[in-house]
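Everything below concerns the one structure shown next.
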Amino acid sequence: IMKQVQAFSAILPAELQLVTGFDQTEAVAKRLNQLGIDFLIAVSLVLLTLLPLGLRAALVVMFSIPLSLALGIWLLHYAGFTLNQLSISGFVLSLGLLVDDSIVVVENIARHLRMGKKPVDAAIEGTRQISLAVVGCTATLLLAFLPLLFLPEGAGAFTRSLPAAVLFTVIASLFVSLTIIPFIASRVLKEEPHAEGNWLLRTLMRGIHAVYRPLLHRALARPLATCLIALGLFAFSLTLIPGIGFSLFPLADSRIVMIQVELPEGASTAKTNKVLEAVEEELRKYPEVENVMSNLGRGNP
């Protein structure tokens, strides 16, 4: 489109100048670049956090991220939605959710491998053992976003692509974690020679047994005090709300301000045009205003 605009601008008379006042592709490119950065961060964090299970296990889980995103985009297209700023924001949001299922499945498969089972048997039994828990946790997550699909009127129509992107991507991640990931794990993961895992996992487990396990025993021994402390921390977190602030939607950093000018009923087009020109002159006094576009007799397209 921009090439056609430039070609058309070249044949305009000298007294006319064609100015591009708004280019939506800039905002979309910014969103897509942010999605790419978040994608790389997600992959790096998965690689880092799953090193105790081994590099092969981390690579298997990393495979679920692009695959779940690709399936989510396909489902979004199939449902009639488009890639826009809200749907892309939904994909950014789902990046932190779509690896949970695969991590749990791969971790359980790795545990069965440490028990001395063959890779295929470990993949089948490990996935079967954890499948109900994975489906239940994912269903809870889906139910949290499902009501956003049924928001009424304009607000619902405007925001529907965001929860749709999250729901489709999380559903895709559930499918991937229970089918494709176990298959890849059965082919990629090897039998674990050490019953307690690699040196990094053994170091991590020693830290858990030295610090976390005693704290857990104390908490379970005093359930009332533990619950009261948890409620106290929750109540303290509520005091942070005034400092954080609250809004239904985040502030949009839009570069466009639309002003609607209406004269009393029966006013002529010429009179309306004079008022419109006066508004334009007032707007041009502000150094922040780069371009002014106006439509007379009808609304903005």
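Numbers here are sequence positions counted from 1.
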### Query
In Å and rounded to the nearest 0.5 Å, what is the CE to OG distance from M62 to S44?
7.5 Å

### Query
Heavy-atom count around F39 CZ within 6.0 Å, excluding the residue itself: above 12?
yes

### Query
Is L45 reachable from L69 through a run of hydrophobic residues whose side-chain heavy atoms are each under 4.5 Å from the next?
no

## Note on the structure
What one should report as the nearest heavy-atom pair of A57 and V106 is CB-CG1, 3.7 Å

### Message
Can you give me the closest heavy-atom contact between H209 and P214, atom names plus distance?
### Response
O-CD, 3.4 Å

### Query
Could you give the distance from OG (S94) to CD1 (I171), rounded to the nearest 0.5 Å?
11.5 Å

## Note on the structure
Heavy atoms of L283 and V289 approach each other most closely as O-CG2, 3.5 Å

### Within one Ile-Leu-Val-Met-Phe-Trp-Tyr cluster: V120 and I180, side-chain cutoff 4.5 Å
no

### Query
Would you find a donor on one side and an acceptor on the other, under 3.5 Å apart, between the side chain of T140 and the backbone of G136?
yes

### Message
Test side-chain contact (heavy atoms from CB on, under 4.5 Å) on T25 and M2; report intermediate values, then the result.
### Response
CA-CA 10 Å; T25 60; M2 295 307 298; 5.9 Å; no

### Message
Tell me whether L95 shares a hydrophobic cluster with I37, the cluster being built from Ile, Leu, Val, Met, Phe, Trp, Tyr side chains joined at under 4.5 Å.
### Response
no

### Message
Regarding E281 and R284, does a basic nitrogen lie under 4.0 Å from an acidic carboxylate oxygen?
### Response
yes

### Task
Using the side-chain contact (heavy atoms from CB on, under 4.5 Å) rule, take F236 and L233 through it: C-alpha gap first, then chi angles, then the decisive distance, then the call.
CA-CA 5 Å; F236 173 74; L233 290 173; 5.6 Å; no

### Over 12 foreign heavy atoms within 6.0 Å of CG, L132
no

### Query
Which heavy-atom pair separates P147 from A144 by the least distance, and what is that distance?
CD-O, 3.8 Å

## Note on the structure
Looking only at heavy atoms, the pair that brings F81 and A164 closest together is CE1-CB, 3.8 Å

### Task
Indicate yes or no for a side-chain donor-acceptor contact from T138 to the backbone of V135 under 3.5 Å, with no hydrogens or angles considered.
no

### Task
Decide side-chain contact (heavy atoms from CB on, under 4.5 Å) for L148 and T159; before the verdict, give the C-alpha distance in whole Å, the side-chain angles of both, and the deciding distance to 0.1 Å.
CA-CA 8 Å; L148 296 177; T159 61; over 6 Å; no

### Message
Taking V5's backbone N and O only, do any of them form a donor-acceptor pair with S9's side chain (distance below 3.5 Å, no angle check)?
### Response
no

### Query
Quick one: does R111's side chain get under 4.5 Å of Q129's, heavy atoms only?
yes

### Task
In sequence, state the C-alpha distance, the side-chain angles, and the governing distance for F158 and L151, and then conclude on side-chain contact (heavy atoms from CB on, under 4.5 Å).
CA-CA 9 Å; F158 179 73; L151 285 176; over 6 Å; no

### Query
Among V104, L174, L178, whose side-chain contact (heavy atoms from CB on, under 4.5 Å) with S131 holds?
L178

### Query
Which value, rounded to the nearest 0.5 Å, describes the distance between I109 atom CD1 and D121 atom CG?
11.5 Å

### Query
V134 versus S177: any side-chain heavy-atom pair under 4.5 Å?
yes

### Query
Above 12 or not: heavy atoms from other molecules or residues under 6.0 Å from CG of L40?
yes

### Task
Find the distance between OG1 (T169) and CD1 (I65) and round it off to the nearest 0.5 Å.
12.0 Å

### Query
Do L97 and S173 touch side chain to side chain, with heavy atoms closer than 4.5 Å?
no

### Query
Are Y286 and V257 connected, step by step, through hydrophobic side chains (Ile, Leu, Val, Met, Phe, Trp, Tyr) whose heavy atoms are closer than 4.5 Å?
yes

### Message
How long is the straight-line distance from CG of L276 back to OG1 of T269, given to the nearest 0.5 Å?
### Response
11.5 Å

#### Entry: Side chain proximity check, Q34 to K30, heavy atoms < 4.5 angstrom
no

### Query
Are any non-hydrogen side-chain atoms of V176 and F63 less than 4.5 angstrom apart?
no

### Task
Measure the spacing between CG of L204 and OH of Y212 and express it to the nearest 0.5 Å.
12.5 Å

#### Entry: Backbone of I208 reached by a side-chain donor or acceptor of R213 within 3.5 Å
no

### Any side-chain heavy-atom pair of P182 and I124 under 4.5 Å
no

### Task
Identify the heavy atoms of S87 and S161 that sit nearest to each other, and give their distance.
N-OG, 3.7 Å

### Side chain to side chain, F145 and V170, heavy atoms closer than 4.5 Å
no

### Query
Distance-only, no hydrogens or angles: does the S102 side chain make a donor-acceptor pair with backbone N or O of V99 under 3.5 Å?
no

### Transitive ILVMFWY side-chain link L220 to L228, under 4.5 Å
no

### Query
Are V188 and L59 close enough that some pair of their side-chain heavy atoms sits under 4.5 Å apart?
no

### Message
Other residues, nucleotides and ligands only: do more than 12 of their heavy atoms fall within 6.0 Å of CD on E15?
### Response
yes

